[in-house]
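Throughout, numbering of the chain's residues begins at 1 and tracks the sequence.
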Amino acid sequence: MIVLVAALGKLEMFPPLRDRYHRMFVSRKYEELKRKYRKRKDAKSLYQLGWVYYQLGKYDSAATSFFSAAQKLEYGDTFRLKALLNAALSYGRAYRFDEAIGLLRTYLSETGPDYPEWFPLKSDVERKINDFRVLKEVYKNRFKNVKIEQISELVLPIKRYYILSDGTGGDYSPVISADGSVMLFVSTRFGGKGREDIWLTHRRGNRWSKPINLKNLNSKSSEGVSGITADNRTVLLAYPSAPHPTLPMRKGGIRQGYGNMDVFKSERVGSGWSRWGDPKNLGSPPNSRFWDGQATITADGRYLFFASTRPGGYGGMDIWMSIRKEDGTWSEPINLGPNINTPGNELSPFIHPDGKTLYFASNGWPSFGGYDIFVAKRVSERRFSKARNLGLPYNTHEDDIFLSIPAASDWIYVSRVDSIDPKSGVRIYHLYRAKIPQRKNLTPAQRKVIPEPVNLVKGYVYDAETKRPLKAFITIEDLTTGKVWFRSPTDDSGRFTVVLPSGKRYGISAQPVDSLNYAFQSLNFDLKGLKEYEEKRVDVPITPIKKGKSFVLKNIFFDFDSARLKPESKLELDRLVELLKRRPDLRIVIEGHTDIIGSEEYNQKLSERRAKAVAEYLISKGIDPKRIKTVGYGSRKPVASNDTPEGRAKNRRVEIKFE
């Protein structure tokens with residue numbers, strides 16, 4: 001686990017008194033303590049009773065007991081100040097913020113010239129008053145009727161977990177795939193290579209499968225998983241590292257790197273989920289000789305966010321961003337600035353597949369506990385809006401650090417402490433999930449803390465003749481701007497997954513790895529006006545290169561009633577040029593087709609002109625004219641009914657036939 005450091009200037013409770021029952025506080029015998037203190041009405045007993053209720057999570061009763069203790073003490077008594085402060089903080093935990101603010105103001109009004117130096121700074125008390133004002137608004141905008149549920153099928157008895165040196169253990173750091181079908185997490189459960197390993201589970205309906213240990217990603221040391229790419233092909237990891245690890249260090253799990261903790265990646269092998277390639281260091285940048293970890297990446301693979309203790313930030317640990325360059329390397333990290341980072345600690349970033357919504361944990365912003373989850377929206381490439389508390393019920397009075405949300409934004413996955421050993425104080429984390437209400441049912445304030453709608457595309461590439469899967473390189477482009485949104489190979493079973501923003505027209509191109517024996521195939525679709533999450537299934541049949549076989553150029557476009565090629569056709573035509581250059585022996589026939597709108601004579605001439613326009617483009621790119629024939633068929637060879645707009649659109653096409 002991460003070493004959690006308290007934020008600067010955080011207001012803490014005054015501790016219980018060291019009376020004759022002190023040992024019972026240490027051993028957490030709260031019910032017995034409650035019986036003893038409830039019999040007495042003196043200030044000290046009421047103060048101690050307040051602490052008993054506080055430890056039991058009964059914050060209203062705790063506040064009442066602390067305040068009753070204060071009322072029995074004289075103005076200016078330092079013990080009265082302690083009771084007032086504890087009462088105020090207990091009211092804050094009970095979400096009674098007006099009472100909390102009122103008592104903090106009383107506390108400040110009673111601090112005279114003899115105010116002890118070891119008491120909280122008055123500026124910290126003022127800051128807490130402001131925090132309560134903020135949290136009052138967050139509480140008002142909380143998500144109501146949302147149930148946080150434990151993922152019980154993943155829970156083990158406490159004795160089945162290793163306990164780390166910081167007194168914690170269990171399951172935490174959930175990382176959900178974009179399609180919500182797979183979850184990786186870190187666990188101290190028995191059965192792994194070390195005490196803190198990476199595990200994986202599959203969703204089966206509404207339940208999760210028995211976790212498997214990803215042994216080749218684990219070691220005798222501690223490992224962390226923090227992100228998975230939207231195509232489900234790459235995971236982002238964190239390992240302890242050293243510039244020149246000795247053999248004993250390597251055996252202990254310390255990897256070659258830049259020092260302290262580094263960001264690594266591993267590629268999935270094959271079409272299953274159990275085999276992963278050897279982890280590879282991401283290099284410098286983004287890594288440094290300081291602590292660098294908990295990386296998350298945007299769906300388009302361009303922006304990497306991570307936590308780091310490197311100098312140049314605002315606090316102990318900050319959130320930084322690196323941008324992927326054209327050559328695949330990463331830019332020097334950019335600090336996300338004061339809208340995100342504070343003098344405290346910011347860690348565990350998660351960028352949603354929408355590429356706009358950033359979640360992270362912080363103990364520097366106003367929080368209900370030590371660390372809360374916060375959210376900010378991207379307003380430009382390098383700038384985010386001011387952080388907002390995610391609110392209840394997703395945040396609690398405990399440290400809330402880890403969060404993951406699939407592309408559908410239907411569930412939030414978190415980890416939280418729910419088991420505390422009464423004797424040892426060991427704290428066990430387990431995995432939880434909670435529903436995210438539909439956007440249409442939310443208030444404007446609530447919409448600001450949930451992700452934007454996206455589209456998830458799942459595709460399958462296969463041989464058009466045999467129907468067998470084909471491994472292929474997939475490219476998805478904005479047909480208007482030419483921007484490449486996605487470029488990645490399918491898995492061995494021909495499948496791919498990608499997340500795309502709405503409001504654009506996209507082209508998908510599949511180029512088989514066996515590029516000498518197969519043509520390419522392209523599709524296009526609009527994602528304009530998307531208001532809720534949508535999932536598309538795309539089948540991509542690839543035509544083998546054989547005499548007499550043909551395929552349609554689906555991403556070439558003409559002006560209406562014209563043979564003039566639109567600019568967005570260039571991407572598709574360039575792929576055809578590349579195919580003909582790879583196979584100089586190929587000869588093709590370019591066939592033009594139309595629908596039945598208009599006269600047959602006119603359609604015949606239009607189809608011929610369009611076929612010739614394609615041929616002229618190929619010739620302009622260096623293809624020998626002798627390898628190209630053109631023919632127009634007008635509306636004589638339809639592939640769909642001409643009775644519907646969709647059918648007529650399919651009939652308006654240009655086909656490439658191999659001679």
Side-chain angles (χ1 to χ4, degrees), residues 59 91-101 129-149 176 180 339-340 342 346 348-362 364-369 371-380 383-398 400-414 416 432-456 499 501-503 527-535:
Y59 301 116
Y91 274 130
R93 288 223 161 190
Y95 312 119
R96 294 168 63 177
F97 298 108
D98 288 336
E99 290 100 322
I101 291 170
I129 290 173
N130 182 65
D131 286 357
F132 280 150
R133 290 196 188 104
V134 173
L135 293 174
K136 180 181 177 181
E137 289 302 307
V138 174
Y139 183 74
K140 186 173 69 175
N141 292 314
R142 67 192 181 279
F143 291 80
K144 299 177 182 177
N145 303 317
V146 173
K147 180 183 177 183
I148 298 278
E149 59 184 48
I176 194 83
N339 278 0
I340 303 296
T342 70
E346 281 67 46
S348 192
F350 167 73
I351 187 74
H352 186 265
D354 68 2
K356 298 178 181 178
T357 311
L358 178 70
Y359 297 88
F360 61 96
S362 174
W365 294 96
S367 66
F368 292 101
Y371 284 84
D372 273 5
I373 302 294
F374 292 82
V375 58
K377 294 284 186 174
R378 198 172 202 159
V379 294
S380 67
R383 195 168 70 87
F384 282 80
S385 63
K386 187 176 180 180
R388 290 172 174 266
N389 192 300
L390 181 58
L392 305 179
Y394 309 113
N395 283 320
T396 68
H397 294 311
E398 298 290 340
D400 299 292
I401 297 172
F402 304 107
L403 171 147
S404 190
I405 304 174
S409 298
D410 51 352
W411 291 94
I412 284 182
Y413 292 84
V414 298
R416 55 179 48 173
Y432 283 74
R433 66 179 184 177
K435 270 287 187 183
I436 300 177
Q438 286 189 318
R439 177 175 289 270
K440 64 183 179 182
N441 298 327
L442 299 178
T443 66
Q446 290 171 335
R447 290 194 191 105
K448 291 179 180 179
V449 298
I450 67 167
E452 305 298 318
V454 294
N455 197 89
L456 187 136
V499 174
S502 62
L527 295 180
K528 295 177 180 176
L530 182 66
K531 294 182 179 179
E532 294 289 347
Y533 170 81
E534 289 186 13
E535 189 169 315

Rounding to 0.5 Å, atoms CZ (F368) and OH (Y95) come to a distance of 6.5 Å
Please enumerate all residues that pass side-chain contact (heavy atoms from CB on, under 4.5 Å) together with K435, with sequence neighbours excluded. D410, W411
Applying side-chain hydrogen bond (donor to acceptor under 3.5 Å, both in side chains), can you list everything that pairs with R96, at least two apart in sequence or on another chain? D60, E99
Can you list everything that forms a side-chain hydrogen bond (donor to acceptor under 3.5 Å, both in side chains) with T342? Sequence neighbours excluded, please. E346
Applying side-chain contact (heavy atoms from CB on, under 4.5 Å), can you list everything that pairs with R383, at least two apart in sequence or on another chain? N339, V379, S380
Partners of N395 by side-chain hydrogen bond (donor to acceptor under 3.5 Å, both in side chains), sequence neighbours excluded? N389
Taking ring-ring contact (aromatic ring centres under 6.0 Å, His included) as the test, write out the residues that go with F384, two or more places apart. F305
Under the side-chain hydrogen bond (donor to acceptor under 3.5 Å, both in side chains) rule, collect the residues that match up with D354, sequence neighbours excluded. T357
By ring-ring contact (aromatic ring centres under 6.0 Å, His included), F132 pairs with (sequence neighbours left out) F97
Return all side-chain donor-acceptor pairs below 3.5 angstrom for residues 133-140, not counting sequence neighbours, or 'none' if the list is empty.
| from | atom 1 | to | atom 2 | distance (Å) |
| --- | --- | --- | --- | --- |
| K136 | NZ | D98 | OD1 | 3.0 |
| K136 | NZ | D98 | OD2 | 3.4 |
| E137 | OE1 | K140 | NZ | 3.1 |

A387: side-chain contact (heavy atoms from CB on, under 4.5 Å) partners, not counting sequence neighbours: F360, W365, F374
Residues in salt bridge (charged side-chain N to carboxylate O under 4.0 Å, His left out) with R433, at least two apart? E149
How would you list, by chain and number, every residue that makes a ring-ring contact (aromatic ring centres under 6.0 Å, His included) with Y91, sequence neighbours excluded? none
